[in-house]
Amino acid sequence: MHKAYLTIDPAFRVAPVRRRTFGTFVEHLGRCVYTGIHEPGHPTADEDGFRGDVLELTRELGVTTVRYPGGNFVSGYRWEDGVGPVAERPARLDLAWHSTEPNTVGTDEFMRWAAKAGVEPMMAVNLGTRGIQEALDLLEYCNIPSGTRLSDMRVKNGAPDPYGIRMWCLGNEMDGPWQTGHKTAREYGRLAAETARAMRMVDPGLELVACGSSGSAMPTFGAWEAEVLAETYDLVDFISCHAYYEEKDGDLGSFLACSTDMEHFIASVVATADHVGAKLKSRKKINLSFDEWNIWYLSRFQSQEPPRDWPVAPPLLEDHYHLADAVAFGGLLITLLRNSDRVTAACLAQLVNVIAPIVTEPGGRAWRQTTFHPFAQAARHAAGDVLRTEISSPLYDTAEFGEVPLLHAVATHSEETGEIAVFAVNRSLDQPLELTLGTRAFPGARVAEATTLCGPDVYARNTADDPGRVTPRPNPDVQDGRVVLPPVSWNVIRLTTA
Ligand code: AHR
């Protein structure tokens, strides 16, 4: 059996666990909003038309932040269409997803839903077809208590208290030629800087996110971040990162190691941001908002014909995840946590139906995809500080990333509760991995609980009829600080130190 060793020591601290690591994303895309979070007439719908089953699963998932309303959608969005009496709202063409947007749900509905779900909103403004004025208008509508035209409009629309939204995205993926209103780095950098400057005149305490590249494979990756940050460095707090992964050509070994790419991506953006900071002789550090990440079978989506007509809420990007997807996904989550010193916000894209951990049937059932579980467990058990864990693990060879450790792991430690949580993935396709936990720095540490997400069929999925097929189960193979991780598995080991 393969053997690996993990040293856990509270002296080696990366950063506090950032609650915003557990953000997700609700875009007006496919069935994320309509028949996802919102479906009046559904048996579980509340007085606002929000599905109660989805709200419950969102809470169980442990979501902290939700980015809204896009995504590519935001780059053509007129927020004013989505406020006021629903019967008077216009339907519009959504160029991003070749759909019709009925505008039944808009800012006020989303904010009501966010309050019910207990999540912090992360609002995006349209810097594709629109600009500074419209961003300011939305900010005034949302955050000014009253006494101005737009704040009074919000009050009239049923929201007497300002929303106090702190985190704002300055557009979305503006480097992508598919983006409505796509721009060069200089064009976007200037617009983002002036939008940020104006928004800060309204409220200097806002936290602003400039668009980084839409992926590390973009031809402008690196140069884009450098040029955008050269324009915006003193005006923004975050640069965004987006990354999606999929198993290609049946190469499961490389797929399970996809967090290697994410690790490199993060290091590159940190280096670029710090280089700009050094040139500007600035002491400020720009953090990373990894506000779109997930497993997404993008090549499958790209090979499909876009809808010819303009449907309302068509099923789009509805990937059904299997066990191996959840293990690769867990690896990405581990990487985000390991980089908590600079990745201080992240959004799993997306929340429901659209490449999502939650799936719904219109009018019917809702269930947890395989990827639901690593996210929910990490959101629940990661607490206190992220520790720099020393890993000693056998390597394996991958076509995409060369030699990669079989074990990928991170640990958190809460001084308050004394609990250590270890999140670990065994990437081996066929061999268990015996993991020894080196806890000398924690006398009396003992394993209180160990669960594993694994199974004989790595392509097993959860369905409406069999929603519990892939679910974490107690790991029976635990002895004296030694836990056996099954092949292709996501594992959570909780230790008490009291
Ligand atoms: O999350 C799906 C899409 O992926 C988003 O709309 C866009 O920002 C990204 O390309």
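In listed order, ligands and their atoms are each counted from 1. Here the structure is a predicted model, which is why all the values come from computation and not from measurement.
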For [X], the ligand 1 atoms whose distance to one of its heavy atoms is below 4.0 Å:
X: Trp97; answer: 3 (C), 6 (O)
X: Gly71; answer: 5 (C), 6 (O), 8 (O)
X: Glu27; answer: 5 (C), 6 (O)
X: Glu173; answer: 7 (C), 8 (O), 9 (C), 10 (O)

Pairwise distance OG1(Thr370) to CG(Asp325) - rounded to 0.5 angstrom: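 Separation between the atoms: 6.0 Å.
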Output yes when [X] and [Y] qualify as a salt bridge under the 4.0 Å nitrogen-oxygen rule, no when they do not.
X: Arg20; Y: Glu120; answer: yes
X: Asp94; Y: Arg78; answer: no
X: Arg92; Y: Glu101; answer: no
X: Asp46; Y: Lys116; answer: yes
X: Glu56; Y: Arg59; answer: no

Side chains of Tyr163 and Asn143 in contact at under 4.5 Å (non-hydrogen atoms):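 Yes, close enough: below the 4.5 Å cut-off.
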Is [X] in polar range of ligand 1, meaning some N or O pair under 3.5 Å apart?
X: Asn72; value: yes
X: Trp296; value: no
X: Asn172; value: yes
X: Trp178; value: no

Closest protein heavy atom to atom 2 (C) of ligand 1, given as residue, atom name and distance to 0.1 Å: Gln350 NE2, 3.5 Å
Side chain, backbone, both or neither: Tyr244 near ligand 1, heavy atoms under 4.0 Å: side chain
